[in-house]
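Report on the structure given below.
Reminder, nothing fancy here: chain letters follow the sequence lines and each chain counts from 1.
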Amino acid sequence: MSRPRVHVKELPGLEKADHGVVMRFAPNPSGPLHLGHARAAVLNDAYVKRYGGKYILRIEDTDPKRVDPEAYGMVIRDIEWLGITVHEVVYQSDRFDRYYRYGKELIERGGAYVCTCENEQFRQLKQKKTACPCRSLSVEENLSLFDKMLAGEFYEGEASVRVRTDLDHPDPAMRDFPAFRILHQPLHPRIDAVVYPLMNFTVAVDDHLLGVTHVIRGKDHIANTRRQRYIFDYFGWDVPVYRHYGRMGIEGVVLSTSQMRQGIASGEYEGWDDIRLGTLRALARRGISPEAVRQAVLDIGIGETDISFSWDNLYAQNRMIVDPVANRYFFVPHPVGAEIRDAPHHVARALLHPNEPERGTRVLPFTGTVLLPRQELEKHPSLIRLKDLFNVKVSYDEQGYLFTYAGDQLSEAREAKAPIIQWLPADCALPCVLRTPEGDVEGVCETGVMREAGSVLQFERVGFARIDDTSGDRITAYFTHR
RNA sequence: GCUGCUAUAGUGUAGUCCGGCCAAUCAUUUCGGCCUUUCACGCCGAAGACUGGGGUUCGAAUCCCCAUAGCAGCACCA
């Protein structure tokens, strides 16, 4: 009896978490979620579940250039697929008034100023640790400039709000970073605005306003954490506890949203769930369960080391989940017809699951001719056993193969070390294409597979597969893993 | 270039803060064997790592220094 044994690996504890935590996952709605997002989404969820508290899904849609209206729904759906418990959903585009209000207050506190320098000019001054002329404007002047921005009196690029940090900061990335910008194009799908708050500003304001206690995100945000710290300090807010995990490389799969979008547009990919992509929906289509993704990601943890994601480890997790539930069927790749001479008619009964006989059997009537995997014959065996049927002697003459019935005894096949292979009756085999990232494999499968639409099964001696479509004139299956 | 972070087997991970119980954990992987009418699952066994060099110490994977490598940031993106 096989049962999924789950290795619960304890994540490292979080400081200041004993009275519960408030955490958030903050994706940008530019496309569906992928493996990289899953890490952040799941890790935060795991801590909220461990310590108790609140999980906020914050949609960070403050850059209209990177908003795909359809992605709002995709993100929600993908999060649900992952089985994450979301307690609150926040759209930043609903909160622009708040950002303006706090922007104004930051200016009043002397923590920000309106800069009307040309972009390139500012960049050069910044490199030289020199203040730009705007930096010395009075609070009143800045407030009035900010009002002008909001009133639409500036064109794109003509004005921005910068946070006053430290021009001598050894890291140029820290020096007077921007908090608001002006944008006329493209239009935001959800709101009408020309002054757009920037990520570091909205994140700081929202993390505080929403009561976020702990932030877990990639180390590409380390600099942002330091920048946001300035804003927290100006307002006198307590900062959350931060953890930055290392970069995760994923082999052999496209992760960049823009690349995926381009590939879909050009017809190279079938869609967001094309199995060559690293999206969660692509994994789902292939038959990877959300629990496996969750386990794999938890296993990786929050280490600061850069790692490379291992498909092997994911597959192992998935196999553990899927093996006990997947029904077994025969799939014969590249079928070759074989008439078995001198064989009695017989009805074979094969177990749906070898470890669970009570699930029942598949019925395979043998009436003389079977389909066999070409690859198996190319090994030139002298004796084979058709699984759950009988033994067959294989000989060769100038015409080709000759198949002769060679008795029912399993023990004889064992003794002869004959391979036990899958087969199908020639007159009840359905065309089936097994799609893999490396290409399609044509073959035939049992008629019983029709019942398995949408579920993951195991093609014996081939591997696990998810039955994607049974409606056409042939069945489409996606290879999951061995 | 500047700033910062990291460095344990093929992969992921524990141990590192508070040096000895570490001839280094667990999982995966690979290879044997058992079980089995699947090359699945299960069981047994084996293989495989502390980046390098100095130093402190009776003792270092753990502390210090240097080197090397990788990564991140240096956007009016998130």
Qualifying salt bridge (charged side-chain N to carboxylate O under 4.0 Å, His left out) pairs with a residue from residues 116-127 of chain A, counting only residues at least two apart or across chains: A:E120-A:R123

Would you mind listing every salt bridge (charged side-chain N to carboxylate O under 4.0 Å, His left out) that reaches into residues 28-43 of chain A, with sequence neighbours excluded? none

Does anything in residues 151-172 of chain A reach RNA chain B, meaning a heavy atom under 4.0 Å, and if so which residues? A:G157, A:R162, A:P170, A:D171, A:P172

Residues in salt bridge (Lys or Arg N to Asp or Glu O under 4.0 Å) contact with A:R374, at least two apart in sequence or another chain: A:E378

On a plain distance test, is the side chain of A:D306 in donor-acceptor contact with the base of B:U6 below 3.5 Å? no

Just verifying a value: how many Å separate A:W423 CH2 and A:F330 CZ, rounded to the nearest 0.5 Å? 7.0 Å

Output one letter per nucleotide in nucleotides 31-39 of chain B: B when a protein non-hydrogen atom lies under 4.0 Å from the base, S when only the sugar-phosphate is that close, - when neither is. ------BBB

Does A:S310 make a side-chain N or O approach to OP1 or OP2 of B:U29 shorter than 4.0 Å? no

Can you list the residues that meet the ring pair (Phe, Tyr, Trp, His ring centres under 6.0 Å) rule with A:H214, with sequence neighbours excluded? none

Return each pair, listed once, that meets side chain to side chain donor-acceptor pair (under 3.5 Å) where at least one residue sits in residues 166-180 of chain A; pairs must be two or more places apart or across chains. A:Y113-A:D176, A:R135-A:D176, A:T165-A:D176, A:H169-A:Y230

Only pairs at least two apart or in different chains count here, so list each salt bridge (charged side-chain N to carboxylate O under 4.0 Å, His left out) that has a residue in residues 192-203 of chain A. none

Who passes salt bridge (Lys or Arg N to Asp or Glu O under 4.0 Å) against A:D408, sequence neighbours left out? none

Once you apply a heavy-atom cut-off of 4.0 Å, does A:S30 come out as touching a base, just sugar-phosphate, or nothing? nothing

Any protein N or O atoms within reach of nucleotides 44-52 of chain B? Criterion: under 3.5 Å, listing atom names and distances.
none

Could you provide the dot-bracket string of RNA chain B, using ( ) for intrastrand pairs, [ ] for crossing pairs and | for bases paired to another strand, with Watson-Crick or G-U pairs below 3.5 Å? (((((((..(((.......[.....)))((((((.......))))))...(((((..]....))))))))))))....

Considering only residues two or more places apart or on different chains, which pairs with a residue in residues 289-311 of chain A satisfy salt bridge (charged side-chain N to carboxylate O under 4.0 Å, His left out)? A:D45-A:R294, A:K219-A:D306

